[in-house]
Amino acid sequence: MCTPGSIPVFESISAADFRSTIQPTRRPAILRGMPVGPCVPAWADLEHLKRHTPNGPVRIHVTTHAHMDFRRKNFQYGTLDFHTLLERASRDPEEAITEPFIDPRELYYLRSVSLDPRSRETVRLERDFPDLAHEFRLPEFFPPDRFFSSVLRVSSPGVRVWTHYDVLDNVYVQVVGRKRAVMWAPSDALNLYLDGDKSRVVDIDQPDLAAFPKFAQATPFEGWLEPGDILFIPAMWFHNMTARDFGVAVNVFWQNLDQGLYDRKDPYGNRDLLPGAKALRMLDNVMKQLEELPEDLKDFYGRQLIARIEKKCLLNEKCPE
Ligand SMILES: O=C(O)CCC(=O)C(=O)O
């Protein structure tokens, strides 16, 4: 195991520095003091936010448990008008809600999807929230033709989104409120008990080590985002995010690799890279083959497969400096 660390903070660097020295390291970074437009501090004013946004219905997560758990499904989906969502998510959590979905103290989380339900396009801030887009600027982190999506995220205080990875490089621009980010390198995949793109270890601060003993060997990197901070989340880095306050953020994704590697029918940008997805499907067939063998021989050939994969695919473990 490597020593747990902090996500490094880079003050007032340029977008060119990001492209030449930070992105190529394939390691997360907090970029502080970069120009993101008048959204900071303008969006901290709820009335301003309401004046500059349409009040259409949005699909949200509603939960009574701050730590959302995708396995126990301790949340449900609901629909609220956007302004009602803003009012409810920004209230003091001790304040009871009249006409809740589940409970007067429920919490909310929005990951914006296209407001046009028939649209198969990826979500874009400037299409669905044009006035907000006008007040938000992203430094030139990538060439415009690599843009994939820009997602508006709104969160009640305390809400935690489970540990998962994204297949695209992205930046999480924290506009309102503070947020805690805990991240793990892709090389920690075997210690995180994955179920698809998500980790089954929901409580990362008090993990159930009897159920998930290898989690103790995973190396977390932690950082706190302040309004105006930009977190660089390299593709495949696991991240777990907790809102300390009412939060508004813009999460921008781009295709950092050859475009042919991505699934073109993937509006959310969360499907595995094509060769990876194909390899996983082929492995299902391999496993089916091994099912024909007695248990001890299945174990024997399973170990041979592991040895080959270790030799051909895995990089040598190296602790990040
Ligand atoms: O908004 C958050 O707190 C987490 C969002 C996130 O990391 C994601 O869904 O990729």
Side-chain angles (χ1 to χ4, degrees), residues 7 28-31 36 39 43 58-63 65-70 74-75 77 82 85-86 89-90 93 107-114 122-123 125 129 132 136 148-186 192 194-199 201-205 220-256 262 266-273:
I7 302 171
I30 295 172
L31 315 176
V36 294
C39 56
W43 298 359
V58 286
R59 236 15 224 151
I60 47 166
H61 292 69
V62 186
T63 180
H65 297 79
H67 298 178
M68 290 197 288
D69 181 341
F70 70 98
N74 60 359
F75 59 89
Y77 295 97
F82 187 63
L85 165 70
L86 291 176
S90 63
L107 303 167
Y108 305 94
Y109 180 74
L110 166 76
R111 177 215 192 274
S112 68
V113 291
S114 180
T122 62
V123 62
L125 189 71
F129 299 97
L132 294 190
F136 173 78
F148 183 80
S149 65
S150 42
V151 180
L152 185 70
R153 299 190 186 270
V154 175
S155 176
S156 294
V159 168
R160 171 175 290 177
V161 175
W162 48 76
T163 307
H164 66 283
Y165 66 86
D166 300 313
V167 301
L168 298 156
D169 273 10
N170 64 96
V171 281
Y172 192 96
V173 184
Q174 185 71 25
V175 180
V176 179
R178 284 162 297 166
K179 190 153 262 197
R180 174 184 180 223
V182 183
M183 301 181 70
W184 295 262
L192 295 178
L194 296 185
D195 185 343
D197 61 343
K198 304 174 186 64
S199 165
V201 186
V202 170
D203 190 342
I204 59 166
D205 294 315
F221 294 87
E222 186 170 340
W224 279 92
L225 304 181
E226 302 284 333
D229 283 356
I230 302 175
L231 174 64
F232 170 47
I233 306 181
M236 313 308 180
W237 269 76
F238 299 94
H239 47 289
N240 181 295
M241 313 272 274
T242 311
R244 161 85 189 258
D245 315 302
F246 163 63
V248 182
V250 182
N251 195 187
V252 181
F253 292 77
W254 70 95
Q255 294 181 322
N256 53 303
Y262 299 98
D266 178 15
Y268 296 110
N270 58 8
R271 291 204 192 153
D272 277 308
L273 296 173

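Every number for a ligand or one of its atoms is a count from 1 in the order of the listing.
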Next item on the list: Pull out every atom of ligand 1 sitting under 4.0 Å from any heavy atom of H164, numbered as shown with elements.
Entry: 6 (C), 7 (O), 8 (C), 9 (O), 10 (O)
Margin query: Show the atoms of ligand 1 that are less than 4.0 angstrom away from any heavy atom in D166.
Written below: 10 (O)
Margin query: Out of all atoms in ligand 1, which are within 4.0 Å of some heavy atom of Y109? Include the element for each.
Written below: 1 (O), 2 (C), 4 (C), 5 (C)
Next item on the list: Would you mind telling me if ligand 1 is within reach of the side chain of H239, the backbone, both or neither, using heavy atoms under 4.0 Å?
Entry: side chain
Next item on the list: Starting from the C-alpha separation in whole Å, work towards a yes-or-no answer on side chain to side chain donor-acceptor pair (under 3.5 Å) for Y109 and R153.
Entry: CA-CA 7 Å; Y109 180 74; R153 299 190 186 270; 2.9 Å; yes
Notebook entry, point to check: For R153, is the nearest heavy atom under 4.0 Å from an atom of ligand 1?
Noted result: yes
Notebook entry, point to check: Can the ring centroids of F129 and F82 be said to lie less than 6.0 angstrom from one another?
Noted result: yes
Next item on the list: Using a strict 4.0 Å cut-off to heavy atoms of K179, name the atoms of ligand 1 that fall inside it.
Entry: 1 (O), 2 (C), 3 (O)
Note to self: Less than 6.0 angstrom separating the ring centers of Y165 and H239, yes or no?
What the structure shows: no
Check: Strictly by modelled atom types, are D166 and Y268 linked by a side-chain donor-acceptor pair under 3.5 Å?
Finding: no
Next item on the list: Check whether any side-chain N or O of N251 sits under 3.5 Å from a backbone N or O of V171 as a donor-acceptor pair, and report yes or no.
Entry: yes
